Amino acid sequence: QVQLVESGGGSVQAGGSLRLSCVGSTYTYMRYCMGWFRQAPGKEREGVARIASGTIIAYADSVKGRFTISIENAKNTLYLQMNNLKPEDTAVYYCAADLSARYCSTRFAAGEMGYWGQGTQVTVSS
């Protein structure tokens, strides 16, 4: 069973940066479909960034140019570097994994990923 453990959340002021990490229990999933989601209070969960087959990357329009998703295979770790944070980025951030690299975009868009982490809180103050 795949386990995903996020870390790196915290509280920062607007304009600041944070780097989220997601350690997977197996490197296998890092080669397929990995992504970051977030859910703010009272709002639906939204996809933030995804990476398929280690190279095919996509971002939500709201974070383009500010967030960077990456994988460090040697450490079985998925990262989300978040720069120029805004108060509207405040949410619980989740990493997720799925075996379907071919359908990564579809499954990510639907939030139908096979495995999820427990979440880490990011709070951005103005």
Side-chain angles (χ1 to χ4, degrees):
Q1 183 174 349
V2 175
Q3 292 185 329
L4 302 171
V5 180
E6 303 101 331
S7 62
S11 297
V12 296
Q13 291 189 329
S17 298
L18 285 173
R19 188 177 76 161
L20 306 183
S21 300
C22 172
V23 179
S25 58
T26 173
Y27 78 93
T28 300
Y29 286 81
M30 300 293 175
R31 299 166 55 190
Y32 292 93
C33 179
M34 302 289 296
W36 288 96
F37 293 78
R38 67 185 181 186
Q39 188 165 21
K43 294 187 176 181
E44 294 187 355
R45 184 178 60 197
E46 66 168 332
V48 175
R50 59 175 168 84
I51 180 168
S53 302
T55 58
I56 303 170
I57 293 173
Y59 297 96
D61 288 343
S62 58
V63 305
K64 281 181 182 177
R66 301 188 299 122
F67 290 11
T68 303
I69 188 172
S70 62
I71 289 177
E72 187 171 358
N73 290 312
K75 294 185 177 181
N76 295 348
T77 302
L78 176 74
Y79 298 104
L80 185 67
Q81 177 66 44
M82 306 185 294
N83 298 328
N84 190 21
L85 283 161
K86 303 176 180 181
E88 51 264 42
D89 295 319
T90 295
V92 178
Y93 284 71
Y94 301 88
C95 74
D98 197 86
L99 274 177
S100 180
R102 180 178 181 183
Y103 299 105
C104 188
S105 60
T106 301
R107 296 183 69 84
F108 181 86
E112 295 176 352
M113 305 287 279
Y115 301 92
W116 294 82
Q118 81 288 352
T120 185
Q121 176 71 46
V122 171
T123 303
V124 185
S125 58
S126 57

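These numbers come from a predicted model, not from an experiment.
- Linking Ile, Leu, Val, Met, Phe, Trp and Tyr residues whenever their side-chain heavy atoms come within less than 4.5 Å places L85 and V48 in a single cluster.
- The same ILVMFWY cluster, assembled from side-chain heavy atoms under 4.5 Å apart, contains both L20 and I51.
- The CD atom of E6 lies 11.0 Å from the CG atom of L80; values are rounded to the nearest 0.5 Å.
- Summarising the geometry of L78 relative to C95, their closest heavy-atom pair is CD2-CB, 4.2 Å, with the distance given to 0.1 Å.
- Of the candidates R45, Q121, Q118, Q121 is the only one forming a side chain to side chain contact (heavy atoms under 4.5 Å, CB included) with V92.
- Under the 4.5 Å side-chain heavy-atom criterion for Ile, Leu, Val, Met, Phe, Trp and Tyr, M113 and Y115 are members of distinct hydrophobic clusters.
- At a threshold of 4.0 Å, the pair D61-K64 counts as salt-bridged, since one of the basic side-chain nitrogens sits closer than that to a carboxylate oxygen.
- Distance check, rounded to the nearest 0.5 Å: SG of C104 to CG of D98 gives 7.5 Å.
- Atom OG1 of T68 is separated from atom CG of N83 by 6.5 Å, given to the nearest 0.5 angstrom.
- Side-chain atoms of T90 never come within 3.5 Å of backbone atoms of T123 as a donor-acceptor pair (strictly under, hydrogens ignored).
- Note on I57: it clusters hydrophobically with M34, by side-chain heavy-atom contacts below 4.5 Å among ILVMFWY residues.
- Among all heavy-atom pairs drawn from A52 and A101, the shortest one is CB-O, 4.2 Å.
- E46 is listed as a side-chain neighbour of R38, based on a closest heavy-atom distance under 4.5 Å.
- To the nearest 0.5 Å, the span separating OG on S17 from CD on Q81 amounts to 6.0 Å.
- In this structure, R102 CZ and S53 OG are separated by 12.0 Å, a value rounded to the nearest 0.5 Å.
- Note that the OG atom of S100 and the CD atom of E112 stand 11.0 Å from one another [nearest 0.5 Å].
- Side chains of E72 and Y79: a donor on one and an acceptor on the other come within 3.5 Å.
- The 12-atom threshold is not exceeded at CD of Q3, counting heavy atoms of other residues, nucleotides or ligands nearer than 6.0 Å.
- Looking at every heavy atom in both residues, L18 comes nearest to V122 through CD1-CG1, 3.9 Å.
- When every heavy atom of K75 is checked against every heavy atom of V23, the shortest pair comes out as O-CG1, 4.3 Å.
- Every pair passing ring pair (Phe, Tyr, Trp, His ring centres under 6.0 Å) that includes a residue from residues 35-77 is listed here, sequence neighbours excluded: F37-F108, F37-W116.
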